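Throughout, protein chains are lettered first and strands after them, A, B, ... in sequence-line order, and every chain is numbered starting at 1. Predicted model only: the values in this text are computed from it and were never measured.
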Amino acid sequence: MRGIAVLSGTSHQSLTHDICQRLGISQGSASLTKFSNQETNVFIGESVRDVDTYIVQSGCGNVNDNFIELLIMIAACRTASARKITAVIPLFPYSRQPETPYNKNGQITSRVPASEVDKFAVLNASAAKKAAHMPAVLEVPGSVVPADGGEITLAQPLHHRASTIRTESAVSIDGSRGRLSSISVSQPNIAVTSLAPLPPSENLVRLKGATQGTYKHWTARSGTLVANMLMAAGADHIITMDLHDPQFQGFFDIPVDNLYSQPLMIKYIKERIPNYRNAVIVSPDAGGAKRATVVADKLNVDFALIHKERRPTETPNVSDMILVGDVKDKVCILIDDIADTSFTITRAARILVENGATKIVALITHGIFSGDAIERINASDINEIIVSNTVPQDQNLAKCPKMRVIDIAPIFAEAIRRIHNGESVSFLFDAVPY
Amino acid sequence: MVFTTDFAPSTIRPPSMTNSIKIFAGNSHIEFAKLVAKRLGIDLAKCVVVKYSNQETSVTIGESVRDEDVYIIQSGCGEINDNLMELLIMINACKTASARRITAVVPCFPYARQDKKDKSRAPITAKLVANMLTVAGANHVITMDLHASQIQGFFNIPVDNLYAEPSTLKYIKESIEDYQSIVIVSPDAGGAKRATSIADKLDVDFALIHKERKKANEVSRMVLVGDVRGRQCVLVDDMADTCGTLGLAAKVLIENGATKVYAMVTHAVLSGKAISVINNSKLERIIVTNTIPHDDKKLLCPKLDTIDVAATFAEAIRRTHNGESISYLFNYVPN
């Protein structure tokens, strides 16, 4: 292939190596280091003048570092007169957007819905005092205010990092996925000034200076910003896989190719799961139902769904997970796009076993496995978990005997080849390149 | 409203004003933001900036910023990429929340040293950072002692490059005995302009240290241009990173007969072995501003002294918000 250079960021060098091997070219040389003050230093080692460059960087590990590195590499290629710059991002960072405080009718909730109450809860002064001595703000975004209304700032000198808090009830900023339930605080001096108004309740401590207005604080959604930054840096094309939110492609003005890992998963199911025709495809939450039904239809097998039912009035903090469908005496195949803390799939596995499933296999595209997710999976009812290598999995493979990795390098290599030669990529949406 | 010329902290919200001011702080330098807010007589606005378990940054704004004049204080130090992403996401959050104007207050501008293509295929990262700030939605940038003031040209939005020089001059006059006989020394040729400006304002002599490269692979030696025999010397530079240059410069000055050597630096990056280099060097004292937090380094280095520039930033914010001229701050220090 002529006129092409494939460069790698630091996040996933082995994937780039495999892609280049499949393409039959040598990997472009770029040196990526950090200055002593932690600034990223990018040096492109060969001429890219009038060359189509593909920069492979996944949004895993140290996400902000890798993302800025990607932007600097794109900018470097642009100032070096590359012809076209494509960012190949197997796992797209900041693709999950936090929920806005709206109810289903689109109105702003005047009362915080029951499932979100635990986000704001500081239930009494003693809990607040206890929290005041904790080394970091892990009850975010709950306001941590002592009863006398003073401000808590955590700019005191900290001599140890905070350990993660695992109570699901306390911290759950994104209700469906519990992503904040194990936060590792990387910077010791986070000052949490007391937050904006809480819903009125005798249990909650009055905040100093809080207005009684109807402002509900919300978490910033960084999707548009990330898209704008990639375009501002100079990318001309984006290739990614299994975007959490397919509408994300609309945030860009440049073409985005969203590849699918689903043909690979179907191939795995047909070849490696004995008696797959009697299996049941299960989606671990309602949001992933569409994804799972596509697979179920292609395989012509049954489908089931796990649903988090919320009971708003009686017990506001408890949500029940119920199974919709029948899995008795069947092999269950859980399908999801992202496994981060792995609460979702491990809870789903428990429900399936309680309902009579014989074996549980989980097929996940992006295995982030942050915090102690691997231990959770090892202790769970999942028999086998298959992830793709959009995120490097070498360390996780060593720790988790249940894990298998399917290689997505052929899909990306074939996509790059077709894009470079100007051929159609839609072949890859149904078939796996051999 | 009467705008007085004294600088006692005053409330910034007279009842006739319809939009008020909100100051947010990222995680890079919260103490500095608190000092600025205290000078202005207001509280820091409520926001929470943390990381998800997968290391993505999450920003939650705790107050309404609709039609407000928002100032976000975040310095380019520590974990620079993380702090930069925090700043960008905070700016973007305020923009989508309909703030009237968003000003990024960045005491130490990140990636300022990568501002030119000095070898093939080197990225101009300072330009990238300028683009990103603009794309995120900033309308205005306030910073201090940019490594090259031409970086202001990378932006299409207004940039206020404040100077630490008045604070430096004040420190020299107050804390160095017999300052009329000192010599201002620039540790390299690039900083000559900065040093001569200070020397002229103090009406003292000036000297320069030049790295001479005889041949390509020979170790360069440092040559003093000017006379420092029997005089106290003050090295002036904008950034102290690994401090290799400063340590060598101090050695050269002492060898050439200087009595004492001070160093005055605006941005104290002090990464790697900088503290041990300073402790083992011939420097008497190194004075830095608090654009970058360094309290932990002060415990290890008794020679480190701090000038507080929060007052300058607070005054700049006040004047920007009220629509007054900032040029007063280029020559005077608010007390």
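No donor-acceptor contact under 3.5 angstrom links the side chains of A/Asn64 and B/Asn81, judged on distance only.
Minimum interatomic distance between A/Val42 and B/Pro123 (heavy atoms only, all atoms of both residues): O-CD, 3.4 Å.
The salt bridge (Lys or Arg N to Asp or Glu O under 4.0 Å) analysis of residues 64-76 of chain A, with sequence neighbours excluded, yields the pairs A/Lys34-A/Asp65.
Note that the SG atom of B/Cys77 and the CD atom of A/Glu39 stand 10.5 Å from one another [nearest 0.5 Å]. To the nearest 0.5 Å, the span separating CG on B/Asn92 from OG on A/Ser222 amounts to 7.0 Å. In this structure, CD1 on A/Ile72 lies 12.5 Å from CD1 on B/Ile124, to the nearest 0.5 angstrom.
Heavy atoms of B/Ala136 lying under 4.5 Å from chain A belong to its backbone as well as its side chain. For A/Phe67, the part sitting under 4.5 Å from any heavy atom of chain B is the side chain, from C-beta outward, and nothing else. Contacts between B/Thr57 and chain A at a heavy-atom distance below 4.5 Å involve backbone atoms as well as side-chain atoms. Residue contact with chain A, scored on non-hydrogen atoms closer than 4.5 Å, involves the backbone and the side chain of B/Val59 alike. For A/Ile368, the part sitting under 4.5 Å from any heavy atom of chain B is the side chain, from C-beta outward, and nothing else. For chain B, no part of A/Ser81 is nearby; none of its heavy atoms comes within less than 4.5 Å.
Most heavy-atom pairs under 4.5 Å with chain B: of the set A/Glu46, A/Arg78, A/Arg49, this distinction falls to A/Glu46.
A distance-only check finds a donor-acceptor pair linking the side chain of B/Glu56 to the backbone of A/Tyr94 [under 3.5 Å]. Checked by atom type and distance alone, the side chain of B/Gln55 never pairs as donor or acceptor with a backbone atom of A/Ser370 at under 3.5 Å. Using modelled atom types, no side-chain atom of A/Gln38 and backbone atom of B/Gly78 make a donor-acceptor pair closer than 3.5 Å.
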